[in-house]
Amino acid sequence: MKTELLMIGTELLLGQIQDTNSTWISQVLAEHGIDCFQKTTVGDNRARILGALDAGLTRSDVILCSGGLGPTEDDITRESIAALLDRPLVFRPELYGAILERFAVLQRAPTENNKKQAALPEGAIPIENPHGTAPGLIVEDPRGIIICMPGVPHELKPMLVERVLPWLKKRFGIGGVLYSRVLKVCGVGESRIDAEIGDLMNAHSNPTIGLLASPEFVRIRLTAKAPTENEARALIEPVARAVYDRLPGQIMGEGDDTLEEKTAGLLRDRGHTISVIETFTGGMIAQRLLLADPARVTEGVILGPGSREYNTENFVDLGRNHMLRSGAIAALVCTYSAVDATARVFFITPGEHTTWDLPVAGSGIRAQVRLTVSILEQLRRHLILQ
């Protein structure tokens with residue numbers, strides 16, 4: 001079964017609200033083993049809604065729509081479907097009765113335009129909406145199936161899970177699940193990862209391997225389709241091992257793992273507490289480590305250009321002085337040179353220290369975040385080897 005999404009609402013195109021519905025619907029479909037191939041967003045415009053529905057029926061078995069089921073003049077999803085399929089809108093007294101009951105519960109009086117919510121294209125199957133006044137609808141046509149749900153998230157979500165998904169599974173005999181395992185890599189670009197595992201990506205179709213870059217890490221998503229989650233996990237395991245082998249020491253974690261949690265965990269395993277002295281990163285490193293494990297950080301210091309310590313010529317001694325003062329076992333000193341846009345980082349422990357030179361790209365908060373991630377990743381990899 002091929003599905004696609006049609007999100008309806010001019011407010012989506014104007015950026016007045018964020019389209020969280022499509023992201024959530026796609027996730028739920030994937031969890032239930034239903035493939036989603038395309039998403040389209042259109043405004044409250046009859047011609048464009050008709051065009052999107054008409055095009056969708058040429059390539060998909062099911063179109064899942066969200067929005068345009070309200071009582072106002074610009075809510076025209078029902079009317080557009082009726083026009084596309086050449087079916088009259090039929091007033092359904094039982095649906096209007098449910099709408100009146102909903103208004104009674106809310107202690108509000110309906111208006112005349114609420115009646116339009118009880119009109120569906122001829123032959124449509126109504127979908128109960130106990131969380132709002134707009135019933136959904138399912139229309140079966142020789143070209144495909146159109147399913148419409150409200151745009152309000154607290155109405156859409158239970159309707160999809162409790163009513164639409166069971167109907168789809170029964171209608172198409174759907175079984176099985178899609179399960180994803182996500183590996184996270186920091187400090188390496190998407191193109192470098194593709195160069196290392198591109199042949200694996202091309203060689204596997206179940207599980208599939210996909211890359212998704214973000215400012216802090218690259219996600220390597222392994223997705224398998226199988227009758228059960230355990231069987232999907234088993235399909236993924238050997239491919240995941242192959243990815244780990246191709247990227248030795250570079251995979252920071254999986255799923256919801258964070259870089260600061262992994263780094264703080266390694267500090268804890270080695271019995272380290274740490275004093276963090278920062279310049280360009282402005283306290284971000286200490287803040288993130290504190291959130292991950294407050295017991296790891298004995299102090300966090302931000303040095304500005306006017307500080308005497310900022311202009312020292314021996315940052316290793318500076319770090320050792322802070323270790324002594326705060327009682328830390330280690331120190332992380334992060335300096336910055338605007339001349340060559342480079343951060344020099346010192347990780348200092350009793351009797352030894354390690355130095356890293358890291359490029360600083362750009363400026364502002366994004367550059368601070370990128371450098372913070374680079375430093376924490378360098379520290380994580382260094383601790384693994386200790």
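As the structure is a prediction and not an experimental result, all values here were calculated from the model.
- From N129, atom CG reaches atom CE of M149 across 11.0 Å, with rounding to the nearest 0.5 Å.
- The CD1 atom of I236 sits 10.0 Å away from the CZ atom of R221 when rounded to the nearest 0.5 Å.
- To the nearest 0.5 Å, the span separating CG on L120 from CZ on R87 amounts to 11.5 Å.
- Salt-bridge annotation for D293 and R268: present, with a side-chain N of the basic residue lying under 4.0 Å from a carboxylate O of the acidic one.
- Using a 4.0 Å cut-off between a side-chain N of Lys or Arg and a carboxylate O of Asp or Glu, K39 and E4 do not qualify as a salt bridge.
- Rounded to the nearest 0.5 angstrom, L289 CG and L332 CG are separated by 8.0 Å.
- Of the possible polar contacts, none joining the E128 side chain to the P135 backbone as a donor-acceptor pair under 3.5 Å is found.
- Counting only distance, with no hydrogens or angles, the side chain of T354 and the backbone of I348 share no donor-acceptor pair below 3.5 Å.
- A salt bridge is defined here as a Lys NZ or Arg NE, NH1 or NH2 lying under 4.0 Å from an Asp or Glu carboxylate O, and E216 with R288 meets this definition.
- In this structure a side-chain-to-backbone donor-acceptor pair under 3.5 Å is present from T228 to E231.
- At distances below 3.5 Å, not a single donor-acceptor pair connects side-chain atoms of R78 with backbone N or O atoms of L89.
- Contacts of S374 classified as side-chain hydrogen bond (donor to acceptor under 3.5 Å, both in side chains), with partners at least two apart in sequence or in another chain: none.
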